[in-house]
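Please read the structure below before turning to the comments.
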Amino acid sequence: MAQNSENSTNQDNFQLTSGGDSSLDLPRLKGTIGPDVVDIRRLYSELGCFTYDPGFVATASCSSELTYIDGEQGILLHRGYPIQQLAANSTFTEVAYLLLNGELPNSSELSNFEGQLSNYSMIHDQLTRLFSGFRRDAHPMAIMVGVVGALSAFYHDSLDINDPQHRMVASYRLIAKMPTIAAMAYKYSIGQPFMYPRNALTYPENFLYMMFGVPTEEFEVSPVLAKAIDRIFILHADHEQNASTSTVRLAGSSGANPFACIAAGIACLWGPAHGGANEAVLAMLEEVGSVNHIPEFIDRAKDRDDPFRLMGFGHRVYKNYDPRAAVLRESAHAVLEELGVRDEPLLELAMELERIALEDEYFVERKLFPNVDFYSGIIFRAMGIPVSMFTVLFALARTVGWIAQWKEMIEDPDQRIGRPRQLYTGPVERNYVAMDQRS
Ligand code: ACO
């Protein structure tokens with residue numbers, strides 16, 4: 001089967017020919033920026049074949065107005081705004097508003113939005129008992145998958161996905177409750193009492209208060225820490241149709257409620273090839289231990305027979321420096337200094353590892369650059385956040401993107417249940433063999 005990029009009859013379409021006699025004129029869809037898309041929806045009904053694209057390397061699963069990535073240039077835009085500008089000038093709640101509503105808020109819109117989030121920050125008290133069913137040494141991501149999914153059992157008044165008011169309330173609830181649930185997962189693991197959210201605090205302050213405060217003492221939230229974590233939240237807020245976002249959309253396409261869909265997204269994010277990489281980077285850096293051992297690990301990463309990969313390196317879309325990693329790399333030293341961490345050997349090690357990898361032919365040829373997870377863990381660690389919480393913080397921030405993408409999907413008139421097809425390679429039809437006749 002041959003595909004030509006130009007059609008002899010319609011310059012704007014694609015022409016797909018099969019074997020010589022059958023051909024199909026496939027519409028070319030144009031976005032505002034980025035590659036054109038071949039609309040293959042009529043392919044099966046007209047030519048009787050499917051497309052084959054494991055890992056969705058060349059497949060646009062939807063149209064979206066939220067986030068744009070140019071992986072070759074290392075560009076990331078949310079609703080058109082470059083991530084560097086948002087990270088430098090904005091707040092996480094402002095970016096959340098932008099992703100959900102399409103425009104930056106004015107001051108009254110923002111304070112109204114933040115007020116709504118404050119209203120929804122507590123969780124149903126009965127839900128707190130769910131935590132005691134988990135082992136104390138449970139991974140916080142395991143708790144997150146369970147507790148976020150269980151929100152559907154408590155908030156029946158925001159489960160009707162066809163009601164815009166329900167969708168909005170569910171969105172606010174999820175964004176507002178994630179810091180509370182995340183901090184509770186941590187408190188549970190160390191055996192400290194849960195801290196209730198305080199509405200006078202900002203979103204990042206509130207999270208730090210619930211994480212590190214205890215009921216017996218006053219807790220002063222460090223503005224440096226609050227600013228640093230807010231910036232990391234901004235950098236993780238959304239990232240187009242990545243694995244966890246696609247999971248949320250796929251789960252949502254069946255009409256599942258938003259709490260269940262976000263729980264599915266959290267499960268997908270947990271994997272080390274995705275959000276779990278921030279935890280894996282720290283483990284790797286600790287294993288490397290010293291600059292002298294770097295060549296040995298680089299060699300392992302290049303060895304096809306060794307499953308080891310340089311964690312925090314490589315990305316499906318970025319074939320250039322991940323702009324989020326660039327922001328974190330630049331700010332890592334500054335944040336550590338502000339936090340009073342003078343020498344962080346892991347940061348020095350990470351920068352040396354990056355330097356050596358970026359000069360190595362293997363990584364250069366494959367365009368493998370540091371991704372967002374490469375530096376985030378080092379900053380989290382300096383803030384006193386335990387390694388097992390790294391991916392939880394990613395999930396907390398990404399909830400904004402997940403829910404905005406879910407809402408966009410539900411409101412899209414083209415939305416149908418997501419149902420990919422396959423290339424079947426199993427046995428053809430055969431007759432059942434009785435037990436006594438099997439070899
Ligand atoms: N270390 C060593 N080699 C690598 C790495 C790495 N981190 N990443 C990719 N490669 C190599 C592959 O072995 C492959 O080599 P080959 O062409 O000789 O077979 C080539 O680069 C292409 O890699 P693929 O696995 O085909 O790329 P894919 O787009 O499927 O995977 C992924 C992207 C999963 C991110 C991958 O680069 C990886 O596993 N990185 C480490 C984990 C990580 O940091 N994940 C976080 C991603 S960012 C995020 O989720 C926020």
Side-chain angles (χ1 to χ4, degrees), residues 52-59 61 67 69 71-72 74 76 78 83 87 141 231-248 265-285 287-288 294-329 350 353-380 387 390-402 405:
Y52 183 64
D53 184 18
F56 309 119
V57 177
T59 295
S61 61
T67 292
I69 303 174
E72 303 300 324
L76 169 60
H78 291 318
I83 190 66
M141 282 297 276
R231 191 184 298 135
I232 296 186
F233 288 167
I234 292 173
L235 294 174
H236 288 84
D238 189 43
H239 211 229
E240 209 227 54
Q241 307 311 320
N242 56 82
S244 57
T245 301
S246 299
T247 302
V248 169
I266 296 172
C268 179
L269 186 76
W270 195 359
H274 194 7
N278 55 14
E279 189 177 330
V281 169
L282 252 272
M284 177 189 74
L285 291 175
E287 202 188 337
V288 175
I294 292 178
E296 181 194 317
F297 281 84
I298 297 267
D299 284 348
R300 283 188 59 196
K302 289 156 48 174
D303 182 354
R304 278 177 177 275
D305 299 326
D306 189 331
F308 174 79
R309 283 190 163 195
L310 217 51
M311 298 314 288
F313 256 77
H315 196 277
R316 170 60 64 76
V317 181
Y318 291 121
K319 301 303 167 201
N320 200 326
Y321 214 100
D322 179 340
R324 302 164 302 168
V327 172
L328 284 177
R329 185 186 198 277
L353 186 64
E354 177 194 325
R355 191 188 65 75
I356 294 175
L358 293 186
E359 285 173 1
D360 191 292
E361 203 183 319
Y362 173 95
F363 291 88
V364 174
E365 254 177 22
R366 290 167 180 76
K367 300 185 176 168
L368 300 170
F369 291 87
N371 58 52
V372 70
D373 291 319
F374 195 66
Y375 286 107
S376 63
I378 293 170
I379 302 179
F380 284 150
V387 175
F390 290 3
T391 315
V392 172
L393 295 203
F394 193 155
L396 185 166
R398 184 55 59 84
T399 295
V400 164
W402 288 333
Q405 299 262 359

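As the structure is a prediction and not an experimental result, all values here were calculated from the model. As a basis for the values below, the full set of heavy atoms in this structure was taken, side chains included, without hydrogen atoms, waters or symmetry mates. Indexing begins at 1, ligand by ligand and atom by atom, following the structure's order.
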N or O contact, K319 vs ligand 1, cut-off under 3.5 Å: no
Heteroatom proximity flag, R304 to ligand 1, N/O under 3.5 Å: yes
Any N or O of M311 closer than 3.5 Å to N or O of ligand 1: no
Atom 26 (O) of ligand 1 protein-contacted, heavy-atom criterion under 4.0 angstrom: no
Ring geometry between F313 and F374 (parallel below 30°, tilted from 30 to 60°, perpendicular above 60°): perpendicular
Location of contacts on L310 toward ligand 1, heavy atoms closer than 4.0 Å: both
Options K302, R309, H239, H315, ranked by nearest heavy atom to atom 23 (O) of ligand 1, top entry: R309
Enumerated ligand 1 atoms positioned under 4.0 Å from heavy atoms of P272: 42 (C), 45 (N)
Selected option - heavy-atom contact closest to atom 2 (C) of ligand 1, from G271, P307, G312, A301: A301
Side chain proximity check, V327 to V372, heavy atoms < 4.5 angstrom: no
Per-residue contact class, A280 against ligand 1 - non-hydrogen pairs under 4.0 Å: neither
Which segment of F374 sits under 4.0 Å of ligand 1 when only heavy atoms are counted: neither
Heavy-atom nearest neighbour in the protein, as seen from atom 10 (N) of ligand 1, with distance rounded to 0.1 Å: L368 CD1, 3.6 Å
Atom 30 (O) of ligand 1: the protein heavy-atom neighbour that sits closest, reported with distance to 0.1 Å: R316 NH2, 3.0 Å
Atom 3 (N) of ligand 1 [closest protein heavy-atom partner, distance rounded to 0.1 Å]: Y362 OH, 2.9 Å
Within-cut-off N or O pair, F394 and ligand 1, under 3.5 Å: no
Heteroatom proximity flag, D373 to ligand 1, N/O under 3.5 Å: no
4.5 Å side-chain heavy-atom contact, I83 and H78: yes
Distance from atom 45 (N) of ligand 1 to nearest protein heavy atom, with residue and atom: A273 O, 3.0 Å
Protein residue, atom and distance nearest to atom 20 (C) of ligand 1, heavy-atom basis: R366 CD, 3.8 Å
For D373 against H274, the heavy-atom pair lying closest together: OD2-O, 3.4 Å
V372 and ligand 1 - part of the residue with a heavy-atom distance under 4.0 Å: side chain
Residue and atom name of the nearest protein heavy atom (relative to atom 43 (C) of ligand 1), distance in Å to one decimal: A277 CB, 3.6 Å
For ligand 1, the portion of D322 having any non-hydrogen atom under 4.0 Å away: neither
